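Bear in mind the structure is a predicted one, so any value in this text is a computation, not a measurement. Values reported hereafter were calculated over all heavy atoms of this structure, with side chains retained and with hydrogens, waters and symmetry mates removed. Residue numbering restarts at 1 for every chain, and letters A, B, ... go by the order of the sequence lines.
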There are 2 protein chains.
Amino acid sequence: MPRVTIKEIAQRAGVSKGAVSYALNGRPGVSEATRARVLQVAAELDWRPNSAARMLSGARTATFGLVLTRQPETLGNEPFFMQFVAGLERVLGPRGHALLLQVAHDLDVEMTTLRTWSAERRVDAVVVVDLRVGDPRVPLLRELGLPAVVVGDPSLAGGLPCVWTDDAAAVEEAVGHLVALGHRRLARVAGSADLGHVQIRDLAFAAATAAAGVSALTLHTDFSGQQGGQVTKDLVLGDSPPTAVLYDNDLMAVAGLSALNEAGVSVPEQVTLLAWDDSALCRVTHPRLSAVGHDVVAYGAAVAERLFQLLDGSPPDPVLAHTPRLHERASSGPPPGGPVRPRATTGGRA
Amino acid sequence: MPRVTIKEIAQRAGVSKGAVSYALNGRPGVSEATRARVLQVAAELDWRPNSAARMLSGARTATFGLVLTRQPETLGNEPFFMQFVAGLERVLGPRGHALLLQVAHDLDVEMTTLRTWSAERRVDAVVVVDLRVGDPRVPLLRELGLPAVVVGDPSLAGGLPCVWTDDAAAVEEAVGHLVALGHRRLARVAGSADLGHVQIRDLAFAAATAAAGVSALTLHTDFSGQQGGQVTKDLVLGDSPPTAVLYDNDLMAVAGLSALNEAGVSVPEQVTLLAWDDSALCRVTHPRLSAVGHDVVAYGAAVAERLFQLLDGSPPDPVLAHTPRLHERASSGPPPGGPVRPRATTGGRA
DNA sequence: CTATGCCACTGAACCGGTCAAGCACAGCGA
DNA sequence: TCGCTGTGCTTGACCGGTTCAGTGGCATAG
C-alpha cells in the first residue's frame, strides 16, 4: 500500500512540499490558483495527513483522552458513560478528532495513565470524570501541565475548566416536589460518599429537607443493585420508615422497587421512589419510575465543545451544561394517609 | 516543559542516539554495561518515548481501534459494551497499548472512520463488533489491508481472524432446559434481524425447537425495552400464548417481566422468562431473571490477546472464547398445568 | 604479521509533515 | 533608473525516534 504523501502531491502539482503544506492547511503563502490545483490533486489521490507526522512537528495529536475508573461491572450498569461518550464523539468526529479511552480499576492506575499520555504526548487534552472530594488528579494535571476539562461541579475542579450540571438545584426540585406532595420523612440511597457529585447531592438534600422542616436520612452504597435493594428494604421495613426514597442512580431504584415488591410494599401507594439519571431502565419497570434526569448525550457534547475552546485558549471558566429535571411517572405520589394538602404540583412530564 | 528525548540520554550516557535506541529497545548492538547505563539514565530522567516519533519511523502506533455503531441510547442500555471494553483494556493497558474509540450512529459513518484511521495510520489494528449478515466492513478491511479481529461467529467473519462465543450451543442448552421442564410452546424476542449473532440464534432456536418437536415463534425488535415489553404482552396475551420466552438481551426481559406483572400474569407460574447476557439487571428484578450469560470481561480480554497474536503474525484461525451458560434463577419453572414429567434438571447455578 | 571476523558503537538517512528564512520577480513611487 | 515592498514560492531545518551502512578495536586464525 504505497501511502500518499505531500511529496507526491508536490510533484504532481509541480510545486514544493512547503507550498503544498500551506495550500492544504488553508494558510496564506500560495495563490488561489495554486491552492485549488493542490487541493484537487490531493483529492484525486485521496490524500490524508499522516497523523504521526503531524503530531511530531505540530505537537497536536487531534486526540483527547478519557479515563473511566470504576469496576467493569458497575461501569456496564451505568448507561451514563456510554451515552456520555457518544455525546463526546458527536462533536469530536466531525472535527476529525479521536478519543483515546482507558478503563481503569482504581485511581492510581488512572493517574499512571494520565502521566503516560502526557509524557508520550498521546493526547492534546483529557476529560476527567467522577471527581472525588479533594481529587488527586487535579494537582496532577496541574503538575503535568496537561490541558483538561473536568466533568463536575466547579467546587471540585480546583480552578480547572469544568462543565457541570446543577445537581443541587435538581435535588432541591425533587425535595420540593416530594414535600409538596405531603411527604415528611424522606430518605436518600446515595452512591459512594467519596464521589464529589454524591457529596454535593448529600449537602443539597440535607439543606433542602432542613429548610422544609422534614426529616431526612442518607445512606451510602456502592451504586450496585444488590445494595440498593438491601438498603431500601432496611429503610422501608425499619422503624420510622420514609414515605419517599430518592436514589443516586437508576439501577438502585429498580432494585429498590423489586425489593419492595417482593416484600409486599406497594409503590407509590405506600412509598414513593425517585430514580436518578432517567435512563431507559425507568421506563421498563412496573410502575414506571419517576426520575431526576437530563440529556447525557448533550452533556457529553458540551464537554467536547469545551475541549476545543480550551485548546483555543479560552479562560477556564466553568460552563453550566444544564440542570437535571424531575420527570414524573408512576412511582411517585402522595404519602399513605393522603397528602397534607391537595396535590400542589403543576403536573408531570412524561 | 522541556521534554526528555533520547538525544539527552545519549549525551548524558556518553553514547550516540542510535546506541540509546538499541539499548532501550532491548536489541543487540550494545554491551550489557552500556545498556545498563543507558537504562539507568533513562529511568533517572523519567524518559518516555514520544509516541508520534515512534509511529512515524516504526509504523507501529501501539493503538487499537474500536467503533461501536448503535444508537447512543441503545448503547447505554447494553452493559455488554462497557464490560467488553473493560476486558480489552485489561490486556492492552499492561502492554502499553491504547484504545481509540468511536461511537457511530450508522454503518456508513463507521466505514468512514475505518478508512480514516487506516489512511491516517492511527491504529495498528481494529476490533469489529456487531457483525451483520454480509457485513460490508469485511471486504472494506480486506481492501484497506487493515488488520482486524472480528468479534463474532466464524461464519460471519469472511475469513478474517475472529473471536466468538458459541451462541448456538447456548440456545440449544436453553431450549433443552425448557423442554425438559415441560414447555411445548416457546417464543423468542430477538434483536435486529440484520445482526449476525441474532440470526445465528434464530437458526439455532428454530433447529433446536424443531428437533424437540415443540412449537416456536421468533419476533424481532430493536432491542429496546419499549418493544421488548410490547412484544411480550402481544405474545402472552394473544392466541396460543407461549409458556416460555427467551430474550436476546436483559433489558427486554426486564421490560417483558414488568409488562406481564402489569397485565397480572405471574412469572414463572404462568410464563417462564429467560434473559440473555446476565448482567446485574437480572438480579434486581422480582422474581430474579434466569438468564443465558457469560463473562464479557473475559471475552474482551480474549479479543485483546488475539489482536497481539495477529500483529505477531499468527494465522487467522477463529478462537472460541467460550460458550454462554444458562443461569437458573426464579423466572423459570415448569409450564402451567405442571411439568409433563417431574423436574428433570440437575439444579441451577446462582 | 597479516587476514578474518566479530563486537560495540557512530553517523546519517529516513519517516511525513510544519514552518522560518530566503529568494525572485512584479508593481510602484521617487 | 534605482530602490522598496509585497506576493508567491522554494529551501532546508526540525520534530524524536528507528535503522542501516559503516568504522575502529580487538581477538583469533592462518
Atom CG of L45(B) to atom C1' of dG16(D): distance rounded to whole Å? 15 Å
Does R90(A), at its CZ atom, have more than 12 non-hydrogen atoms belonging to other residues, nucleotides or ligands within less than 6.0 Å? no
S21(B) has a side chain; which of dG17(C), dT18(C), dT19(D) sits nearest to it? dT19(D)
When you measure from the side chain of R35(B) to the backbone N and O of R27(B), does any donor-acceptor pair fall under 3.5 Å? yes
Provide, to the nearest angstrom, the distance between the CG atom belonging to N50(A) and the P atom belonging to dC14(C). 17 Å
Name the orientation class of the two ring planes belonging to H294(B) and H322(B) (parallel below 30°, tilted from 30 to 60°, perpendicular beyond 60°). perpendicular
note: M55(B), atom CE; dG17(C), atom C1'; distance rounded to Å ~ 14 Å
Nucleotide dC15(C), atom P - distance to CZ of R48(A) in whole Å: 22 Å
Could you tell me how the ring of F308(A) sits relative to the ring of F64(A): parallel (under 30°), tilted (30 to 60°) or perpendicular (over 60°)? perpendicular
Ignoring hydrogens and geometry beyond distance, is the side chain of K17(B) in donor-acceptor contact with the base of dG17(D) at under 3.5 Å? yes
With respect to the side chain of T5(B), which nucleotide from dT10(D), dG16(D), dT10(C) is positioned closest? dG16(D)
Within less than 4.0 Å of OP1 or OP2 of dT18(D), is there a side-chain N or O belonging to N25(B)? yes
On DNA chain C, does the nearest nucleotide to K7(A) precede the nearest nucleotide to E32(B) from the 5' side, or the other way round? Give the residue. E32(B)
For the pair made of CZ in R121(A) and P in dG16(D), what is the distance, rounded to whole Å? 9 Å
Under 4.0 Å, heavy atoms only, any strand: does R27(A) hit a base, just the sugar-phosphate, or nothing? sugar-phosphate
What's the CD-P distance between E120(B) and dG17(C), to the nearest Å? 10 Å
Establish, from distance only, whether the side-chain atoms of Q309(B) and E305(B) form a donor-acceptor pair under 3.5 Å. no
OP1 or OP2 of dG16(D) versus the side-chain N and O atoms of W47(B): is any pair under 4.0 Å? no
Phosphate OP1/OP2 of dG8(D): any S31(A) side-chain N/O under 4.0 Å: no
Between dC15(D), dC9(D), dG17(D), which nucleotide gets closest to the side-chain atoms of T34(A)? dC9(D)
Between R54(A) and dT18(C), is there a side-chain N or O to OP1/OP2 distance below 4.0 Å? yes
Could you state the CG-C1' distance from L24(B) to dT18(D), rounded to the nearest angstrom? 12 Å
Is the side chain of R70(B) donor-acceptor paired with the backbone N or O of D130(B) at a distance under 3.5 Å, no angle test? no
Check the phosphate of dT10(C) against S16(B), side-chain N and O only, distance under 4.0 Å to OP1 or OP2. Yes or no? yes
Measure CD/Q11(B) against C1'/dT10(C) and give the value in whole Å, please. 15 Å
Upstream residue (5' side of DNA chain C) when A53(B) and G14(B) are each assigned their closest nucleotide: G14(B)
Using only modelled atom types and a 3.5 angstrom limit, is any donor from either the side chain of Y22(B) or the base of dC20(D) paired with an acceptor on the other? yes
